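One structure below.
Keep in mind that this is a model prediction, so the values were computed, not measured.
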Amino acid sequence: MADRRRTYPHSRLLLTILLAALTALLGSVNGLGRIDQIVYDRAVSVAQRPAPADVVIVAIDDASLAGLGRWPWPRAIHAALLDHLGGARAVGLDIIFAEADQDRPQGDRVLAEAIRRQGHVVLPVVLDNLERPTHADLPLAPLAAAAAGLGYINIDLDDDGVARRAVWTRGLNNDSWSHFALAMLRTGGQEAQVSSFLQQVPSSGSLIPYAGPPGHFRVVSYLSVLRGDFSPSAFKNKYVLVGAWATGMGDVFPAPVSHRSSGISGVEIMGNLLQSVRDGRVLQTAPAWQTALASAIPVLLLCLALPRLSPRQAILSSAALLVAIIAFAIATLYWTDTWMPPAAALLGVAACYPLWSWRSQEAALRYMEGEMARLRKEYPPVMGEADPLGGRVSRSLDQHIDELDHTLSRVRNLRRFLLDGLDGMPDATLVIDQVGRLQFRNRPAVMYFLNLSIRPPRIGQALAPVLEQAFGDPSTRQLVRQALRAPANEDDTQGAAPPRANIEVRDRAGQDLLLRCAQVRTAQGVRAGLVVTLSDITMIRQAERQREETLRFISHDMRAPQNSILALVALNQSDTGNSPPSEALSRIAHLANRTLLLVDEFIQLTRAESMDIAHAKLDLADLLREAADEFWAAAQRRKITLDVHAPTTPALAYGDQTLIMRAICNLLDNAIKYSPDGSRIQLRVRAAAEMWDVEIEDAGPGIAPQDQQRLFQPFFRTGEARRSSTGGAGLGLAFVRAVALRHGGEITVHSERGSGTRFTLRLPIALDDDAYDA
């Protein structure tokens, strides 16, 4: 599961990098030119500016054609118009005069004189090609000589036929031609502004900063000016553009600001260009690296935000970001005169959400698939519950949802199964979280509190204050409080169980209870709480007390007659004086001694099997040496040598010193009994596989293989023991086995007939940092 969760952020990072890189590439190469053009046209339409008051367009409109007749008009009419524009700063006649007037030859002379009288007239030049011009169509020589300036009027159209861009200068045959708008400004005495503008604008041209839609500039009718409807002061110190405006004259071009009309006239395009030069506005496309960066940043921001957003928030954020990108493009166009093509960013952001949703859905489905497969493996159906999918895992979302629904049903069934299991437990069981609040309780727990007239704790309530009411002794309450207390720090949650996790207490009703606290952890190993059980051990403690009374009865009431018998035997033997002792009395004394030994061994075996034993740290090497010292005299009477082999460092183990010492003494006593006179007995302590081996090896006759299988059973005696007058009751080795098992060890025997016997008592090693749990 952790590997799958680690893989998902890596795939998200990879997807983010790919989306940002692709968006930056599209932005740098302007690969979405048509879309950018559409967005640019709408942006220019929005970013309008006021029209200048000193630029006037004299339009050859439909009314003028109706009043003055068909086009072309006599050139004397144009001369009369110029006479009405005598106070203008510059007059741009956007009318081509490339051929002489054959019907009225004097008209060219009249127009030339009018141009000379006005003194600030600019005439148009037509280049054959703006990219690489090879020819220029000039006005008639007399007119050109009379004009104050010449400039080309070619309109540069984009590949979709829309006029968005202007080329300001072009070279032809060692001559340099300027645009018509530049010629007008030079004629109007603004050469400095023209020079400054040309230093800023690139040689390839710039975008046209349209001030507004068609008709945005002040337009007056050609006919109205001829009729004298305007005083000469109306055009004083103004730039006047004269050009076609009427329907069907062909001087109309599609423009970004003309989407609601058929187009914008050429003469009005000249007015927009004139205004841009006068304002020093160089509107141009941003460099490729800026466009790439501006395109990639929104994608990166959205990719960083999507993992933290809900689906609804994600789609709303995507829509808001799309609007922000367009607003940013319009703002940069309006305030910085820089066009930042947004189409690549729009496409990247628009693709982000579906791609991210697809990737998130794939990762979620894959994670669900793996987790549900693991759930089917780790948690089989409860109580014969059927699997409708038959163990199959599909890639379909609908089938994943069906499987999730079935999995949730299985979890609910499992929870019901666990709750029913808790209710079916005979002991009072409560489950608390890491801060001590009750999460589950079973029916015996409720009944326990009700029997003590205590209101049972509710789910979500702290358990400790309620449970303490069941105990009257303050020290018992303190023990219960410590057992339920959470660890002091997080490191403790990874360690052993809380102190006194298993404690025996007595409630105020006099019941003996065993309070157990077992930790509950999450799948990641984090402590989640405790399972608290209250086991009623009143009957067990009563049985133990009865057993102790029985043992005391056996120890006292059976010993007393035997001791009396031995006293009477001793008294009768003393009365015989120097006579040999009676055989009958000797047998009676022997049998009485055996009975006392049987009682003693039986009591010791019973206590070793059932009594509470101490668990203190002890040194097995010291115990072995102490046992050798205790039996030294008995060994010396038979000239038996005891060889003790123990490590110089302590052989530490946990256990009851009295029981382990008696077990070693039993083994050593048997070794002395069955060893021949003058032999050697080996006593060893050595470490082997996290256990201490306490070995006692004699040189006796050995034990038959068939007897070895029953050697540690109570009351079993080997053939040699039965024949020996010193043989015990057959409980000594059973006692050793009980002691070994109670201490988590074992007792083994290795013997061959005629080669002696080796008993090995194995006990766990206690390290210095062990924390033995009783």
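A distance-only check finds no donor-acceptor pair linking the side chain of Asp158 to the backbone of Gly161 [under 3.5 Å]. With hydrogens and angles disregarded, no donor-acceptor distance shorter than 3.5 Å links the side chain of Ser64 to the backbone of Ile60. For the pair Glu268 (side chain) and Gly215 (backbone), a donor-acceptor distance under 3.5 Å is present. Between the side chain of Asp61 and the backbone N or O of Ala246 there is no donor-acceptor pair closer than 3.5 Å. Although no hydrogens or angles enter the test, the distance criterion places a donor-acceptor pair under 3.5 Å between the side chain of Asn272 and the main chain of Ala211. In this structure a side-chain-to-backbone donor-acceptor pair under 3.5 Å is present from Arg89 to Gly188. The closest donor-acceptor contact from the side chain of Thr169 to the backbone of Trp177 lies at 3.5 Å or more, if one exists at all. Within the 3.5 Å criterion, the main-chain N or O of Leu85 finds a donor-acceptor partner in the side chain of Gln118. Side-chain atoms of Asp279 do not come within 3.5 Å of backbone N or O of Arg281 as any donor-acceptor pair. Looking at Asp36, its side chain does come within 3.5 Å of a backbone N or O of Ala343 through a donor-acceptor pair.
Within the structure, ring-ring contact (aromatic ring centres under 6.0 Å, His included) pairs that include any residue of residues 77-120 comprise Trp71-His78, His78-Phe97, His78-Tyr222 (at least two apart or interchain). Judged as a ring-ring contact (aromatic ring centres under 6.0 Å, His included), the pairs with a partner in residues 121-160 (not counting sequence neighbours) are, in order, Tyr152-His179.
Annotation: salt bridge (Lys or Arg N to Asp or Glu O under 4.0 Å) contacts of Arg218 (sequence neighbours excluded): none.
Atom CD of Gln37 and atom CG of Asp160 lie 4.5 Å apart (nearest 0.5 Å). Atom CG of Leu283 is separated from atom CD1 of Ile208 by 9.5 Å, given to the nearest 0.5 angstrom. With rounding to the nearest 0.5 angstrom, the CG atom of Leu346 is 10.5 Å from the OG1 atom of Thr23. Put simply, CH2 on Trp289 and OG on Ser28 are 13.0 Å apart, with the number rounded to the nearest 0.5 Å.
Checked by atom type, the side-chain pair Ser178/Arg186 shows a donor-acceptor distance below 3.5 Å. Remark: the Gln275 side chain and the Tyr239 side chain contain no N/O donor-acceptor pair separated by less than 3.5 Å.
Shortest non-hydrogen contact noted between Ala114 and Asp83 is CB-OD1, 4.3 Å.
In Glu99, the CD atom is not crowded: 12 or fewer heavy atoms of neighbouring residues, nucleotides or ligands sit closer than 6.0 Å.
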